[in-house]
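This one's a predicted model, so the numbers in the text were calculated from it and none came from an experiment.
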Amino acid sequence: MEIKPEILGLISKEFAMEYRVFPKEHGANGNLVLCWDGLGDEHQLADELQVMLGCNITLLPLDQQEISRLLSKYYLGDVSVASDEKEVSVISANDDFLNVLIEEARRLKSSDIHIETFEKRARVRVRIDGMMIERYQIEKKDYPALINKIKIMANLDIAEKRLPQDGRIQFTSARFAAFDIRVSVLPTLYGEKIVLRLLNNSSTDIDLNTLGLSEQDMQHYMEGVQRPNGIILISGPTGSGKTTTLYATLKLLNKSTRNILTIEDPIEYTLEGVNQVQLRENIGLGFAATLRTFLRQDPDVIMVGEIRDPETANMAIRAALTGHLVLSTIHTNSAWGTVSRLMDMGIPGFLVANTLNTTVAQRLVRLLCPRCKKEEPLEAGRYPRQFNPPKAVSSHFVANGCAHCYYTGYSGRKAVYEVIPIDAELSQEIRKGNMAIEPVLEEKKISTLSKNAFALFADGLTSIEEIYPLLLAI
C-alpha cells in the first residue's frame, strides 16, 4: 500500500495506535478513508472518529496483521524478524507504547494485560471475555526499559529482579476517568513477566438486576439480603464475577440509614457512602483483625472480601450472631459446598445452620458471537453421561470466528447462578450433618448451575463446549 506523506499526517501516532486505524486516502466525496482491523462496533467507531477528527469517516476493513504491520512501519519504525518460520511484525516499545497499550486495553474492555519475554521474542497479550489474545510483539532490546517503566510507575524496586513484586498504578487519561491498575511482577527464565489487572473503580454500571439472575434466583437471593442479620456467601473460582455480585448487592443496600463497612483486597470499586478498608497483611491489617474492629464501629452490614481461614470464618460467624448482615466470598465448587467448607474450617454445624442465610455459586459463560455463529444438528452423545437434559435439543449453534469477536467465536459473557436459600428444613439438614441434599433441592425446585447453563445453550446463546464443565457439576 502506497501512503502519501500528507495523508499520513492527518492523524497522530497516538490516535492511530489507540484506535488501530490507518489513513489511506481522501475519498471522492471528501471522506477520510481509514483502514481498521474490523474489531468492535463499526458504526460506533465511525461516529466517535468523526466527532474527534471533525470530518466524515469511511472505514475500510483490513486484516489485523496488516494493520499491525502498517502501524508499526509508518508510526513506530518497526522491523520484521523471523519467528516460528514466519515473518512477524515486531514493534518498538518506545515512550508512548505503554500509555497507548493501556488505553487500547481499556477501550477493548480487557481485564488484564500480560507482558512476557521468551528466548527469541517478547509479546503482549490481553484478556478479553476471559480469552487471551495476542496483540503485539515487541523488540527484545526494548523489553527491560518497558519493565522498568512499569516498575517506576508502580513504586517498585527496579533493581530487584529475583523476587516477585506487587504494586499499584493510578492511571489517568484524557479519554477515560482515572482508574487503578494492579501490577504483578514474576521472575521467569528469560526475564520478568508483568501482569497488569485493570480495575474498574466506578460502580455506576453495576446493577443486580442485570447480572443474569433468573426471576426465581433473584427472589431467593433477595430473601437473604433483606434479612437484618446472617451470612450470605458467594462461591466460585477466581474470575467468576463474585466481587461484582457483592458490589451490586452493596449498592442496593447502600442507604443513609445503614452503616456499611468493607475489608477488601484490593478495593476494586468505590462506593460513595460505604466505608471501605484496604487489606494490609504486612502491617497486621488482615481480615480477622479488621473484623474485630468493625464490631466496635456499630455496623449494620459488613462485607469481607474472602473467607480464607478459620479465624476469619469464626469472626464472620460472630458478627452474624450479634445482629449484623455479613456478605463474603468463599472458594467452593457448588453452593451447598460452602456448608462443608465452613465445617472443615472448624465451625460447628449448629452455628452454620443458625447464621447462613443464602449460599450462591456462580460462573461466567462466554456467549457466542451473534455475527458469526453457525447452526448445526446436535449429534448424540455430546452431553456428559450423567447429565439428563431437561428438554430435547435437535440443533445447536457453534463458534465460528470473525473480526468482531477477534476470531474466537465468542463475544461477551453472562453469569450463571445457583442460589440456595437456607430455610428451616435445610437448616435442620445442616444440623444433622447431611451433605447429600440433592433430593431436597429437587423437591424445592432449586435451579442448579447445570440447569441454568443448559438453558443458555438451549436458547442458542452459548455452545455445548462452553457449558460442558458445568454440566458435569451435579
Looking at OG1 of Thr462 and NZ of Lys373, how far apart are the two atoms once the value is rounded to the nearest 0.5 Å? 9.5 Å

Determine yes or no for a side-chain-to-main-chain donor-acceptor pair under 3.5 angstrom, with Gln216 supplying the side chain and Lys445 the backbone. yes

Leu364 to Glu466 - nearest heavy-atom pair and separation: O-OE2, 4.4 Å

Check step by step if side-chain contact (heavy atoms from CB on, under 4.5 Å) holds for Asn259 and Asn275. CA-CA 8 Å; Asn259 179 23; Asn275 299 281; 3.6 Å; yes

Compute both the distance and the angle, then confirm whether Arg308 meets the cation-pi test with Phe287: under 6.0 Å from the six-membered ring centre, within 45 degrees of the axis. no

Find out whether Met222 and Leu208 are in side-chain contact, i.e. whether some heavy atom of one side chain is under 4.5 Å from a heavy atom of the other. yes

Heavy-atom distance under 4.5 Å between the side chains of Asp217 and Val360, does that happen here? no

After noting the C-alpha distance and the side-chain angles of Met153 and Leu98, does the key distance pass the side-chain contact (heavy atoms from CB on, under 4.5 Å) rule? CA-CA 11 Å; Met153 293 174 66; Leu98 183 58; 3.5 Å; yes

Give a yes or no answer on whether the side chain of Ser328 reaches the backbone of Val304 with a donor-acceptor pair at less than 3.5 Å. yes

Please step through side-chain hydrogen bond (donor to acceptor under 3.5 Å, both in side chains) for the pair Thr249 and Tyr221, ending with a clear verdict. CA-CA 10 Å; Thr249 308; Tyr221 188 68; 2.6 Å; yes

Salt-bridged, Arg125 to Glu116, with N to O below 4.0 Å? yes

With a 4.5 Å limit on heavy-atom distance, are the side chains of Ile446 and Pro421 in contact? yes

Just so I know, are the side chains of Leu250 and Tyr269 near enough to count as touching, which here means a heavy-atom distance under 4.5 Å? no

Side-chain donor-acceptor contact under 3.5 Å, Tyr417 with Thr245: yes

Does any part of the side chain of Leu252, heavy atoms only, come nearer than 4.5 Å to the side chain of Gln226, both counted from C-beta? no

If you count the non-hydrogen atoms of other residues, nucleotides and ligands that lie under 6.0 Å from CD in Glu379, is the total more than 12? no

Would you please test Thr448 and Leu441 for side-chain contact (heavy atoms from CB on, under 4.5 Å) and show each step? CA-CA 9 Å; Thr448 61; Leu441 297 181; 5.7 Å; no

So which heavy atom on Leu253 is nearest to which on Arg258, and how close? O-NH1, 2.9 Å

Hey, does the side chain of Lys109 reach the backbone of Gly412 with a donor-acceptor pair shorter than 3.5 angstrom? no

Using a cut-off of 6.0 Å, state whether more than 12 heavy atoms not belonging to Glu215 lie near its atom CD. no

Any idea which heavy atoms bring Ala335 and Ile420 closest together, and the distance? CB-CD1, 3.7 Å

Residues Thr338 and Ser235: side-chain donor-acceptor under 3.5 angstrom: no

Looking at Lys161, I want to see if its NZ is surrounded by more than 12 non-hydrogen atoms of other residues, nucleotides or ligands under 6.0 Å. yes

Does the pair Arg162/Glu160 count as a salt bridge with the N-to-O cut at 4.0 Å? yes

Roughly how far apart are Ile152 CD1 and Ile158 CD1, rounded to 0.5 Å? 5.0 Å

Can you see which heavy atom on Val183 is nearest to which on Ala154, and at what distance? CG2-CB, 3.9 Å

Would Asn354 and Arg431 count as a side-chain hydrogen bond (donor to acceptor under 3.5 Å, both in side chains) here? Give the steps. CA-CA 9 Å; Asn354 288 341; Arg431 289 188 181 91; 2.6 Å; yes

Is it true that a side-chain atom of Ser110 and a backbone atom of Arg106 form a donor plus acceptor pair closer than 3.5 Å? no

Where do Tyr136 and Phe97 land on the ring pair (Phe, Tyr, Trp, His ring centres under 6.0 Å) test, with the steps shown first? CA-CA 11 Å; Tyr136 300 105; Phe97 175 72; 5.5 Å; yes

I'd like to check Gln276 versus Leu271 (side-chain heavy atoms, cut-off strictly below 4.5 Å). Are they in contact? yes

What is the minimum heavy-atom distance between Thr358 and Val419, and which atoms define it? CG2-CG1, 3.7 Å

Calculate, to the nearest 0.5 Å, the distance between atoms OH and CZ belonging to Tyr468 and Phe387 respectively. 11.0 Å

Nearest 0.5 Å, please: how far is CD1 in Ile317 from CD1 in Ile347? 5.0 Å

Does a side-chain heavy-atom distance below 4.5 Å link Leu378 with Tyr383? yes

Spell out, as yes or no, whether a donor-acceptor pair under 3.5 Å connects the side chain of Tyr143 to the backbone of Glu192. yes

Write down the atom of Arg366, the atom of Asp129, and the distance for their closest heavy-atom approach. CD-O, 3.3 Å

Between the main-chain N or O of Pro237 and the side-chain N or O of Lys242, is there a donor-acceptor pair closer than 3.5 Å? yes

Do other residues, nucleotides or ligands put more than 12 heavy atoms under 6.0 Å from Lys444 NZ? yes

Derivation and outcome, side-chain contact (heavy atoms from CB on, under 4.5 Å), residues Leu325 and Asn229: CA-CA 4 Å; Leu325 182 64; Asn229 59 283; 5.7 Å; no

Hey, does Leu233 have a side-chain heavy atom less than 4.5 Å from the side chain of Leu342? yes

Taking Leu461's backbone N and O only, do any of them form a donor-acceptor pair with Asp459's side chain (distance below 3.5 Å, no angle check)? no

For the residue pair Arg371 / Asn400, report whether a side-chain donor-acceptor contact shorter than 3.5 Å exists. no

Any sub-3.5 Å donor-acceptor pair from Gln165's side-chain atoms to Asp157's backbone N or O? yes

Spacing of CG belonging to Leu279 relative to OG1 belonging to Thr262, to within rounding of 0.5 Å: 11.0 Å

Donor-acceptor pair, side chain of His324 and main chain of Gly230, under 3.5 angstrom: no

Without swapping roles, check the side chain of Glu119 against the backbone of Tyr190 for a donor-acceptor pair under 3.5 Å. no

Decide, yes or no, whether a salt bridge links Arg382 with Glu465 under the criterion of side-chain N to carboxylate O below 4.0 Å. yes

To the nearest 0.5 Å, how far apart are CD in Glu429 and CG in Leu426? 7.0 Å

Between the side chains of Lys451 and Glu442, is the shortest nitrogen-to-carboxylate-oxygen separation below 4.0 Å, so that they form an ion pair? yes

Tell me yes or no: between the side chains of Tyr410 and Ser463, is some donor less than 3.5 Å from an acceptor? yes

